[in-house]
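The structure under discussion appears below in the form of structure tokens.
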Protein chains: 2
Amino acid sequence: MASSTEENYLKILFNLTHEKGEVNISELSSQLGVSMPTVNSMIKNLQKSDLVHYEKYKPVTLSEKGKKTAALIVRKHRLTEMFLVNKMGFGWEEVHQIAEQVEHIHAPKFFERMDEMLGFPTVDPHGSPIPDKHGRMQELHYKNLSQVKPGNQVILVALADSSSDFLEFLNSRKLKLGMELKILSKETYDQSMIVSYENQQSETLSEKVCEKLLVRSVE
Amino acid sequence: MASSTEENYLKILFNLTHEKGEVNISELSSQLGVSMPTVNSMIKNLQKSDLVHYEKYKPVTLSEKGKKTAALIVRKHRLTEMFLVNKMGFGWEEVHQIAEQVEHIHAPKFFERMDEMLGFPTVDPHGSPIPDKHGRMQELHYKNLSQVKPGNQVILVALADSSSDFLEFLNSRKLKLGMELKILSKETYDQSMIVSYENQQSETLSEKVCEKLLVRSVE
DNA sequence: AATATTTGTTAGATAGATCTAACTTTGTAC
DNA sequence: GTACAAAGTTAGATCTATCTAACAAATATT
Ligand SMILES: [Mn+2]
Ligand SMILES: [Mn+2]
Ligand SMILES: [Mn+2]
Ligand SMILES: [Mn+2]
């Protein structure tokens, strides 16, 4: 069985693969906060357990076994976040650090029970998909709000950044998933947008923020 | 901060202190499933952090700091067991192994929230007291059922053994905490007792079982 | 009291996860 | 196409948690 340390490597490998396609040693090093030699030796280790494919000086890729293992950890992480928000009353900005620890618990029934109590959710509180119990995750490709043309109306469905800083920013602007947003205008100089939501307030959102808001069109 | 390993040593030290008064290296060794030299070196380690008092060839005792640290881990363990039973629908025989892992999570709000949701319970699903958030635990000294005289009526309030084997045995006899029991008779040869509960069935319980059932008198 | 058993300690080894320093390979810029 | 910078590797050290083998102290048995 993989140690917590190994599990953290696999999970970051899994997330970086989906975000950027390729994963190299220096990226892992900075994401994990450990030195490159440490990553190098751990990767050799994971290779011995057939969890990754690796050749000297080439990017690291997860094996099928590694992908499934990683997906099941991500599943535990996201189910935990959902449970903390929906069943225990935490804010979406508070749950990541707790889930980071709970994801390493080995107790299948514990997570099955969470899943049941939550009604088998398919996304976490930040809109990220929850892999199923076989480790299959649907790839959701949403638009950035920054790519939407003025006059259009969309629904906020997920976030490309779940850092607590960003989540607190969204709290301060009363932005929540599921909200309908209408793009009133876009400033050509800095790409900032004026957005109104649900007939109430309207806010100016910088390009940086709009790039992190993932939306789908109102059908 | 103490590692999970150190936390497990402290917790067992805490429990053994309450059960037997003294704690020696070989007892720790067998309870933890590690060799005596391993315990010896870990105890020196805990001593360096002022968590235990220790002199060569003498029993180990927790320092005040160690007692409080241990009590707070026991608190997390027992709150978790209570949460799993009362809020997640687990049986009392299923929760110990999960709590053994969850107790090492560092997230005060997580356990405070459990506590609130449970209505600030004072005992766990096996009747063991839950230390308060300052690490103070009330010492409950109940009678053994085996010490009760025939004809008397008592309430089952706690267990001196929470192993899943024993809990499954209790399940099979439909014994639950809070039940009123009446001692019908006691066999002088083997100290077994015939006990009736709540007017329904009556069961013969061996001495071994009666010693593990903690009761208080019906007032 | 002498001996045997149990309990505890010391020494030395190993495995996992990490580091720094030094070196090598790969990729980029001129 | 040489030279520089960035990325990656190797070697060697450290710290934690564990083990076994050998020895020592405390306790129990006869
Ligand atoms: Mn998260
Ligand atoms: Mn983690
Ligand atoms: Mn327990
Ligand atoms: Mn534990």
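Sequence lines set the chain letters: A, B, ... in the order given, protein chains first and strands last, and positions in each chain run from 1. Everything numeric in this text was worked out from a predicted model, so none of it was measured.
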Spacing between [X] atom [atom1] and [N] atom [atom2], to the nearest angstrom:
X: A:N24; N: D:dG8; atom1: CG; atom2: P; answer: 5 Å
X: A:L28; N: D:dA6; atom1: CG; atom2: P; answer: 20 Å
X: A:E22; N: D:dG8; atom1: CD; atom2: P; answer: 10 Å

TODO: Report which part of the nucleic acid A:K44 touches: base, sugar-phosphate, or nothing (heavy-atom distance under 4.0 Å, all strands).
DONE: sugar-phosphate
TODO: Look at atom CD of A:Q147 and say whether more than 12 heavy atoms of other residues, nucleotides or ligands are closer to it than 6.0 Å.
DONE: yes
- [ ] Please say whether more than 12 non-hydrogen atoms of neighbouring residues, nucleotides or ligands are located less than 6.0 Å from NZ in A:K65.
- [x] yes
Task: Carboxylate-amine/guanidinium contact A:E64 A:K67, below 4.0 Å - done: yes
TODO: Indicate yes or no: does A:R113 engage A:E116 in a salt bridge with an N to O separation below 4.0 Å.
DONE: yes
TODO: Please figure out whether B:K58 or A:Y57 has its closest DNA chain C nucleotide nearer the 5' end.
DONE: B:K58
Open item on the list: On the nucleotide D:dA26, are OP1 or OP2 found under 4.0 Å from the side-chain N or O atoms that B:K56 carries?
Closed with: no
TODO: Indicate for each nucleotide in nucleotides 17-23 of chain D, in 5' to 3' sequence, whether protein heavy atoms under 4.0 Å reach the base (B), only the sugar-phosphate (S), or nothing (-).
DONE: SBBBB--
- [ ] Apply side chain to side chain contact (heavy atoms under 4.5 Å, CB included) to B:S30 and list each qualifying residue two or more places apart in sequence or on a separate chain.
- [x] none
- [ ] Indicate whether any N or O donor in one side chain lies under 3.5 Å from an N or O acceptor in the other, for B:S163 and B:D161.
- [x] yes
